[in-house]
Asks: 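After the structure tokens below, expect a handful of questions from me.
These figures come from a predicted structure and were not determined experimentally.
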Amino acid sequence: PAAAAAPPLPSDVRPPEILITTLNYIVDNIVVKLPDCEGFLWDRMRSIRQDFTYQNYSGPEAVDCNERIVRTHLLILHVMATSEVEYSRQQELEQLHKALITLSEIYDEVRASGGQCPNEAEFRAYSLLSRIRDPEYDKMAQSLPKAIFDDRLVQIALCFRRILSNSTFSERGHIKTENGLNLYRRFFELIRSDDVPFMMASFLEVHLNEIRFYALKSLSHAINKKHKPFAPEFLVSELMFNSVDELFKFCDHYSIEVDAEGVKLTSFSHHSHVISETTPLKQSYLKVVGEKLVMSSPKELINCGKHNFDTIPLRSVN
Amino acid sequence: MKPAIGPVLAQFLHSIESGDLGCLDINLNQNGRLIAELQAELQNGINDKDIEAIIENKKFEGGKWTRFNMLIANFIRFCRDVNPWSLWESSDLIFNYYQDLTNCILNDNFPVDPLVTNFQHTTEYVIPLARELDSSYRELGTRKHQFLTHISSVVTKLFNSIKPRYEKPAAPFEDLPRKQQILLYTANKLNNIYMQIDSPASCANIFKNVKPKSAIESFSQYPVREQIEYRYLLGRYYMLNHRVSNAFHQLNSAFNLLVKFTAHTAALDPSVQRNKQRILRFLLPVGILFGKTPANLENQLHGGENDAIQNYLELSHIVKTGCLHRFHVWMAKNEDKLRRQRLLLLILEKCPLLIYRSLIRRAIADFCFPNDSNKISYSFLEIALKFSLGLEQGLKPIYTMVHVPANISNALESLVNIGLMKANCFPVSQQCVFPKTNKIDSVFPSVNEKLVAFFPLNSDDVWLDD
Amino acid sequence: MSLEKEHQNTLEENDEFEDFPVDTWPDSETIKEDSSVQTNLWKEDWDDVEVDDDFTKELRAELQKHKQ
């Protein structure tokens, strides 16, 4: 409903147990129909989250649903990037961010009352990837309890933040900061490694186009002005494009000249990966991420967390 | 029927009438005697209605300043009801009074100037109380930082009510209205609270608004303590946002001002020493990230936090040698403390580029310059990097996953991109070519000059230095 | 953790400025005279100072083996 609409009647808001059952049904029966059911999933997951918000409920059922909704969004991001079906990536990301913020708030609240949610580290790691260049999230990471900070997934997320700490990144509202390294080769090397699970890799794929853009920018600013054109195969392998064709489309979008000799990086002139008044390039995907996905079913991936009941001493006595 | 007024109350009301507002002080340590005497007298059954009637009769300021009447009434009520043995029981009274006092000075159409001093005294009194109450929020069943948050909302109202004086020219500090004089004071109080309640993002709005609100001729006319603290807070704010050159500039200025204004008599005062340590705690790491080498530290401190200083001298040395392994061991050793100071991830992100630079510089100076060669192969540098990384045993992923020998190509590109190395990269033939020269500085220009050029200081802060 | 230790930690971590005295006669002339010594916290040119320690020696030896 629109922001101005009246809140729903209490009788229309589903109680926590029902919301769990609803999500179970979605995960068991609808997710397999991706990519076609993306719009339906988006809508139903949003309404589950809204029903929790309406009743101001943040108990274990809310944690469980929000966690599984985050995983479902992460799955959707990769699946949609590989498909031709139309969808709004921006709306997917928006709901994903909102679910992550809700979770962070609940985790803090639970901690303040002396408990800890069992899957916190995994979702803190996703949070760290969700605003990958925002120093506010580094501050958050450093205030986490040691056990969470030391968790492998959180540590990996922190590594990716350093790997993308590119000082020439340029976007409206972003302030460039000093001494950033642009370790794009390391990015591709790590994302294919077994250290990075599918869900994280899918989230990182969101940045693929901009990583390639700033890699080419970095290269073009480091080479001699008379440098000869690059063989397409070299760039395909350096930046893990799926094909030479994909590289050419990318070059076309950013007006990088390509001729029989190869890709003329010396013709690179854009400062930001965002070109105003131009439809952005469709998000790319990596085959290596798809390979991580085939190892388990979507349902297993989404339901993989530890059980959220009884571990939370929430509102025991009030 | 007029309620009876006892002699203490009569005397108190008389003082207010004659403009002596010093007695409006809820600090029991300073005004305990008056408060106790009023309490003894008022507890003989004077109720809120009586109090209001008495004040109504007095017609302070012609009886038109309702908020002032409310303030006096609230003060009398505070004196009647305060429990000197229980901060918790009295907290409502205290914070209500503080809120009324602040409300009273929001509207500049009334003679608010004399009350500004009361506001400052009361602020100094209530902040530590709020902190104390917040420290036992679990026992009290309040929210985390509830009291400090409340105070910040009260002080924000005052801050917002300080209006720029467009129609008048800028004036020296002495000639400003009292509220204008406490502009920096309130900004510092708010920023301190925001830092403390872990909400430094809120500082942005304060820093942005000080200049537009200010009616002073020059920033340097504000009380020097407030200037120093303002720069200290601004520097820390920049640091939390990873803005190294801006953080360095403000923290370094704060430190220099502190040294300058305490050079003669105050230098040995323990509070000055502690404040120096506070600045150095952030200035040293940020200076290193900015390409500076600390010196003369012995002269700056007399005892105290020498360990921390030695530690940063060690880091500075590590950065210059180009040894990533020692860097990671140093980070791991200091991790807990750096994490609490919110410095760990900043240093982890901003140091390696400088370490790569030192390492590559070393290799070029030792192996290219002697042979008059102006190129170096990636594979040779990868050997250097591998050696610099050493063994990773026992270190956490944040110290082992990012840096690997194959990073050389990207590190060279990053260095060239922001001007920290003059060279051309040849990624296909895996070579790096630099200008023919016998001066290493021509290949590796001064770090902080390049950083200042590439990451300019925020122009909003220029007025601090004018 | 003992109470005393806890107290020490809070002091160490208290980043908030405390009230402090300033000189009552900050005569700008006298300050200028000795300010150079007092306030210069940084070396003028950090690269002028070449470091030479175990690591740099070992690095040199290692690279010597692989000389291009």
Side-chain angles (χ1 to χ4, degrees), chain A residues 108 112-114 133-144 146 149-150 152-156 158-163 165-168 175-187 189-190 193 195 214-215 217-228 230-231 234-235 238, chain B residues 137-138 143-144 198 200-201 240-245 289-291 335-336 338-346 348-354 356 396-404 406-407 409-418 420 423-428 432-433 447 451 454-455 458:
Chain A
D108 286 343
S113 59
R133 291 192 168 84
D134 184 349
E136 186 73 17
Y137 281 70
D138 284 325
K139 189 178 74 67
M140 176 276 280
Q142 292 177 98
S143 55
L144 292 171
K146 195 172 169 56
F149 184 83
D150 287 350
R152 194 160 176 85
L153 291 178
V154 172
Q155 295 262 313
I156 294 173
L158 291 171
C159 288
F160 275 105
R161 292 173 65 87
R162 311 280 86 76
I163 285 168
S165 69
N166 165 16
S167 281
T168 66
I175 296 167
K176 294 179 185 182
T177 67
E178 291 80 352
N179 302 357
L181 277 157
N182 185 359
L183 300 175
Y184 56 89
R185 296 185 80 208
R186 189 68 186 140
F187 172 84
E189 202 172 31
L190 270 183
S193 81
D195 281 323
Y214 289 99
K217 182 177 173 181
S218 180
L219 260 179
S220 76
H221 286 197
I223 57 175
N224 190 299
K225 285 190 189 68
K226 289 175 218 144
H227 198 286
K228 63 177 202 281
F230 283 81
F234 175 81
L235 294 177
E238 284 278 293
Chain B
Y137 74 99
R138 278 197 205 173
R143 277 173 294 114
K144 207 178 174 188
D198 233 13
L240 285 168
N241 286 291
H242 292 196
R243 298 175 70 178
V244 173
S245 44
L289 298 179
F290 192 53
E335 182 178 301
D336 289 342
L338 292 172
R339 209 152 70 82
R340 287 196 298 270
Q341 296 174 337
R342 310 289 185 256
L343 286 169
L344 183 80
L345 296 175
L346 176 75
L348 191 64
E349 175 169 307
K350 306 288 186 202
C351 250
L353 186 74
L354 300 179
Y356 280 105
K396 292 178 189 173
I398 47 169
Y399 306 121
T400 60
M401 262 186 139
V402 176
H403 300 290
V404 291
N407 284 357
S409 59
N410 286 176
L412 285 166
E413 289 158 19
S414 294
L415 284 167
V416 173
N417 277 193
I418 60 171
L420 294 183
N424 285 321
C425 295
F426 291 86
V428 181
C432 180
V433 178
V447 170
L451 290 182
F454 215 86
F455 305 94
N458 188 347

Asks: So which part of A:Ser193 gets closer than 4.5 Å to some heavy atom of chain B, the side chain, the backbone, both or neither?
Replies: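 Contact with chain B: none, neither part.
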
Asks: Is the shortest side-chain N to carboxylate O distance from A:Lys139 to A:Asp134 below 4.0 Å?
Replies: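 No, A:Lys139 and A:Asp134 are not salt-bridged.
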
Asks: Using side-chain heavy atoms (C-beta onward) and a distance below 4.5 Å, is B:Arg342 in contact with A:Ser143?
Replies: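 The answer is yes; the side chains approach within 4.5 Å.
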
Asks: Check whether B:Leu338 gets within reach of chain A through its side chain, its backbone, both or neither, counting any heavy atom under 4.5 Å.
Replies: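 Contact with chain A involves the backbone of B:Leu338 alone.
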
Asks: Other residues, nucleotides and ligands only: do more than 12 of their heavy atoms fall within 6.0 Å of CZ on B:Arg138?
Replies: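 Check passes, neighbour count above 12.
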
Asks: At a heavy-atom separation under 4.5 Å, does A:Lys225 approach chain B through its side chain, its backbone, both, or neither?
Replies: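 Neither part; nothing is under 4.5 Å.
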
Asks: Can you check whether B:Glu413 reaches B:Val416 side chain to side chain, under 4.5 Å on heavy atoms?
Replies: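 In short, these two side chains do not touch, never coming nearer than 4.5 Å.
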
Asks: Go through the atoms of A:Ala141 and report whether side chain, backbone, both or neither lie under 4.5 Å from a heavy atom of chain B.
Replies: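 A:Ala141 touches chain B through backbone and side-chain heavy atoms alike.
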
Asks: Side chains of A:Ile223 and B:Pro427: closer than 4.5 Å at any heavy-atom pair?
Replies: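 Yes, side chains in contact.
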
Asks: What part of B:Lys396 is in contact with chain A, defined as an atom under 4.5 angstrom from a non-hydrogen atom: side chain, backbone, both or neither?
Replies: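 It is both, since atoms from each part get that close.
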
Asks: Specify which of A:Phe187, A:Phe160, A:Phe234 makes the most heavy-atom pairs with chain B at under 4.5 Å.
Replies: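 Looking at each option in turn, the highest pair count goes to A:Phe234.
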
Asks: What part of B:Ile418 gets within 4.5 angstrom of chain A, counting heavy atoms only: side chain, backbone, both, or neither?
Replies: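 Side chain only.
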
Asks: Please classify the contact between B:Leu343 and chain A as side chain, backbone, both or neither, with a heavy-atom cut-off of under 4.5 Å.
Replies: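 When you check distances to chain A, only backbone atoms of B:Leu343 fall under 4.5 Å.
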
Asks: Any chance you could lay out the side-chain contact (heavy atoms from CB on, under 4.5 Å) test for B:His403 and A:Leu181, step after step, and finish with the verdict?
Replies: CA-CA 11 Å; B:His403 300 290; A:Leu181 277 157; 3.8 Å; yes

Asks: Which region of B:Val404, side chain (C-beta onward) or backbone (N, CA, C, O), has a non-hydrogen atom less than 4.5 Å from a non-hydrogen atom of chain A, or is it both or neither?
Replies: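 Interface part for B:Val404: side chain.
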
Asks: Of the backbone (N, CA, C, O) and the side chain (C-beta and beyond), which part of A:Ile175 lies under 4.5 Å from a heavy atom of chain B, both, or neither?
Replies: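 Only the side chain of A:Ile175 comes within 4.5 Å of chain B.
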
Asks: Pick one of side chain, backbone, both or neither for B:Asp336, based on which atoms fall under 4.5 Å of a heavy atom in chain A.
Replies: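 Just its side chain gets close to chain A.
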
Asks: So for A:Glu189, is it side chain, backbone, both, or neither that comes closer than 4.5 Å to the heavy atoms of chain B?
Replies: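 It is the side chain, since no backbone atom gets that close.
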
Asks: Check each atom of A:Thr168 against the heavy atoms of chain B and say whether the ones under 4.5 Å are side chain, backbone, both or neither.
Replies: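 Side chain only.
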
Asks: Measure distances from A:Asp150 to the heavy atoms of chain B and classify the residue's part below 4.5 Å as side chain, backbone, both or neither.
Replies: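 When you check distances to chain B, only side chain atoms of A:Asp150 fall under 4.5 Å.
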
Asks: Which answer fits B:Leu451, side chain, backbone, both or neither, if we ask what part of it has an atom under 4.5 Å from a heavy atom of chain A?
Replies: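 Answer is side chain: those atoms of B:Leu451 sit under 4.5 Å from chain A.
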
Asks: Should A:Asp195 and A:Arg152 count as an ion pair when the cut-off is N to O under 4.0 Å?
Replies: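 Yes, this pair counts.
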
Asks: Please classify the contact of B:Tyr356 with chain A as side chain, backbone, both or neither, using a heavy-atom distance under 4.5 Å.
Replies: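 Side chain of B:Tyr356 only, per the 4.5 Å heavy-atom cut-off to chain A.
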
Asks: At a 4.5 Å cut-off on heavy atoms, which part of A:Tyr184 comes close to chain B: side chain, backbone, both, or neither?
Replies: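 When you check distances to chain B, atoms from both the backbone and side chain of A:Tyr184 fall under 4.5 Å.
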
